[in-house]
Amino acid sequence: MRTLQTDVLIAGYGPTGETLAAFLGIYGIRAVAIDTAREVYRQPRAAHFDHEIMRVWQRLGIAEQVLPSTRALPAYEFRNSDGQVLMRFAQAGVATPSGWAPSYMFHQPAVEEALRARVAQFPGIDVRLGTSLVSLERNDANGVAAIVRDDQGLETRVEARFLVGADGGGSTVRRLIDGQLTDYGFDEPWLVIDTVVTDEEGLPPFGLQMCDPKRPTTVMPMAPLRRRWEFMLLPGETPEQMLDDARIEELLKPWVRPGQAELVRKAVYRFHGLVAKQWRVGSVVLAGDAAHQMPPFMGQGMCSGIRDADALAWRLASAVRGEASPALLDSYQEEREPHVRSIIETAIFMGRVVCTLDPAAASKRDQDMLAQRAGQRQAADPPPPPLEALNSGCMMPGARAGQLFPQAMQACASNGVCGRLDDLLGPGFWLITRNAKIDTKWPMPVKTVVLDEDISDESGRLNEWLDSTGASAVLVRPDRYVFGTGEPAALAAALTQAIGR
Ligand SMILES: Cc1cc2nc3c(=O)[nH]c(=O)nc-3n(C[C@H](O)[C@H](O)[C@H](O)COP(=O)(O)OP(=O)(O)OC[C@H]3O[C@@H](n4cnc5c(N)ncnc54)[C@H](O)[C@@H]3O)c2cc1C
């Protein structure tokens, strides 16, 4: 059998695996990425991503390719069967730390194509499609040996320093490490229908949850001229009945004119909440749906996998280069799991609001939510609550640690080049300070950036942010989360400890 050696073997080349491969390419790490399928899955599952993920696409250099197949979402509404608004989050014009709009609706295959084209630019990333991971011969502190098989039956042994299981909800990698799942006990069947429409006349421009106990329904814009409807299956209904074209036409009748929508996809999914108990065993790590799955009411399943890939890539790169101990990987689950769980719990809360079938319970819910909305009446609807910050992991506890560092969208470097902050400063750790005389010794490469000298930000946002911490400097991680704020020497000592050196 042929043997192949690499730094990181990525099993599964969906959005999580593609993002991880692209970041490893940027960090100059060798990887082999495999996927059973030969092509990008043509039908989108995810329809929404948030500002932080748009910033990830920017950092990967594909924002401009992604934007044409997206649209910013102006609002997200929950209505009752009478059409009364129970809850509404306004998103248009809301500022975010990333500098991008709060939420985007998009066409998943277009984003995946852009990601794959980006990965193809890195000679160190070897992508093998039509190839499955079938077994694990070795998994210890020094690395893994895995057997992969292509669709012609040819087997190869891949020896890698790390294996990342990004192979989706039915993960083979999770099974091979005997991974157990915890189950939130939410399990609801829904019909998902995607359409291409001739025009969007009469269709809501925002995301809509119809909390109608007679038929809970989700109505979502996707990419321009693409629309999704989701209909909850009622007790006694079978997937076969719901997938019947005549039934689908009947379900869509209240929403579209004859001939307005062409059906391009129909599927029944069970929406559930699952989290793997152990995200790392030896040199094997789980990411994306292999590590967690959630109901789509927050549109955060794929986003969470992208965050996993971002959090994992710099840790793997640092460990492969010997800059950090592999123990740095322990902080991956420590910080990602609570973040993911808080999203799953909110998504399940929203799901329970939407999926109420008992008319009496629905009526009580409506009264409570309408009263709450009337009580909170403000001039405008509130923005969506931000996702939780990281509350433990690779960071120096203190002001703003674990938050996303803000991005200035119009900064200028000392050489006169202006643009978005992340593009100007590039990948890696940044120490941002106003003190030009810093000569701190760092345990790994850190770029020192002197505000108003190396970088100026006309909006004043970065200066304001630093002033609000009361600290002289901020250390920003490669995934753009704040490691900590404080004196550079203290930050260097905390970083040395956090990376296990
Ligand atoms: C109806 C619906 C709506 C959703 N809406 C949203 C949304 O709006 N926003 C959002 O963020 N998320 C959403 N999600 C969730 C999102 O689709 C998933 O979280 C996301 O696809 C997970 O990406 P992944 O790369 O981790 O896994 P996957 O996309 O499942 O990719 C895994 C890959 O691994 C490959 N593979 C499997 N086994 C092997 C093996 N043994 N060897 C090699 N390759 C293998 C598969 O072929 C596949 O390509 C939605 C999901 C559903 C079902």
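Only heavy atoms go into these numbers, but all of them, side chains included; no hydrogens, no water, no symmetry mates.
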Testing the basics here: between L136 and N139, what is the closest heavy-atom pair and its distance to 0.1 Å? CD2-CB, 4.2 Å
Measure across F23 and A313 and return the closest heavy-atom pair with its distance rounded to 0.1 Å. CB-CB, 3.4 Å
Heavy atoms of other groups near E137 CD, more than 12 under 6.0 Å: yes
Going through the checks in order, is the side chain to side chain contact (heavy atoms under 4.5 Å, CB included) test met by V158 and R128? CA-CA 12 Å; V158 184; R128 296 173 172 230; over 6 Å; no
For the residue pair L404 and Y481, establish whether any side-chain heavy-atom pair is separated by less than 4.5 Å. yes
Would L475 and F405 count as a side chain to side chain contact (heavy atoms under 4.5 Å, CB included) here? Give the steps. CA-CA 9 Å; L475 183 63; F405 185 67; over 6 Å; no
On a heavy-atom basis, the closest approach of K447 and G426 is NZ-N, 4.4 Å
Whether S283 side chain and D140 backbone form a donor-acceptor pair below 3.5 Å: yes
Do I343 and R307 have side chains that approach each other closer than 4.5 Å (heavy atoms only, starting at C-beta)? yes
Is it true that the side chains of Q278 and D178 contain a donor and an acceptor less than 3.5 Å apart? no
R434 vs S472, test: side chain to side chain contact (heavy atoms under 4.5 Å, CB included). Steps then yes/no. CA-CA 7 Å; R434 286 208 200 86; S472 65; over 6 Å; no
Would you say the side chains of S331 and R315 form a donor-acceptor pair under 3.5 Å? yes
Donor-acceptor pair, distance only, cut-off 3.5 Å: does the side chain of Q333 make one with the backbone of W279? yes
Where do I432 and L462 land on the side chain to side chain contact (heavy atoms under 4.5 Å, CB included) test, with the steps shown first? CA-CA 9 Å; I432 299 194; L462 297 182; 5.5 Å; no
Are Q293 and R270 linked by a side-chain donor-acceptor pair shorter than 3.5 Å? no
If the test is side-chain contact (heavy atoms from CB on, under 4.5 Å), which one of L495, D310, V482, L390 qualifies with R477? L390
Hey, is R161 close enough to D7 for a salt bridge, meaning N to O under 4.0 Å? no
Identify which one of Y332, F429, Y27 satisfies the ring pair (Phe, Tyr, Trp, His ring centres under 6.0 Å) criterion when paired with W314. F429
Output yes when a side-chain donor or acceptor of R336 lies under 3.5 Å from a complementary backbone atom of A287, and no otherwise. no
Closest heavy-atom pair, L286 versus A276, reported as atoms and distance to 0.1 Å, is CD1-CB, 4.1 Å
Atom CD of E155 with >12 non-hydrogen neighbours under 6.0 angstrom: yes
Under the criterion salt bridge (charged side-chain N to carboxylate O under 4.0 Å, His left out), which of D479, D422, D423, D50 is the partner of R55? D422
Determine, for R42 against E112, whether the closest basic-nitrogen to carboxylate-oxygen distance falls under 4.0 angstrom. no
Looking at R227 and M222, would you say the former's side chain and the latter's main chain have a donor-acceptor pair under 3.5 Å? no
Salt-bridge test for E453 and K437: reply yes if a basic N is under 4.0 Å from a carboxylate O, no otherwise. no
Between R480 and S98, do the side chains contain a donor N or O and an acceptor N or O under 3.5 Å apart? no
More than 12 non-hydrogen atoms from neighbouring residues, nucleotides or ligands closer than 6.0 Å to CZ on R149, yes or no? no
Donor-acceptor contact below 3.5 Å, side chain T440 vs main chain W442: no
Report yes if the distance between the aromatic ring centroids of F297 and W190 is under 6.0 Å, otherwise no. yes
Grab the two heavy atoms, one from P338 and one from E388, that are nearest each other, plus how far apart they are. O-OE1, 4.2 Å
Does a side-chain heavy-atom distance below 4.5 Å link I306 with P15? yes
T70 side chain to F106 backbone, donor-acceptor under 3.5 Å: no
Of R228, K266, R45, the residue whose pairing with D194 passes salt bridge (charged side-chain N to carboxylate O under 4.0 Å, His left out): R228
Applying the side-chain contact (heavy atoms from CB on, under 4.5 Å) criterion to I10, which one of I34, V32, L24 satisfies it? L24
Establish, from distance only, whether the side-chain atoms of Q121 and R118 form a donor-acceptor pair under 3.5 Å. yes
Please report the closest heavy-atom contact between M220 and Y76, naming both atoms and the distance. CE-CE1, 3.4 Å
Counting distance only, does the side-chain N/O of E230 pair as donor-acceptor with the main-chain N or O of T218 below 3.5 Å? no
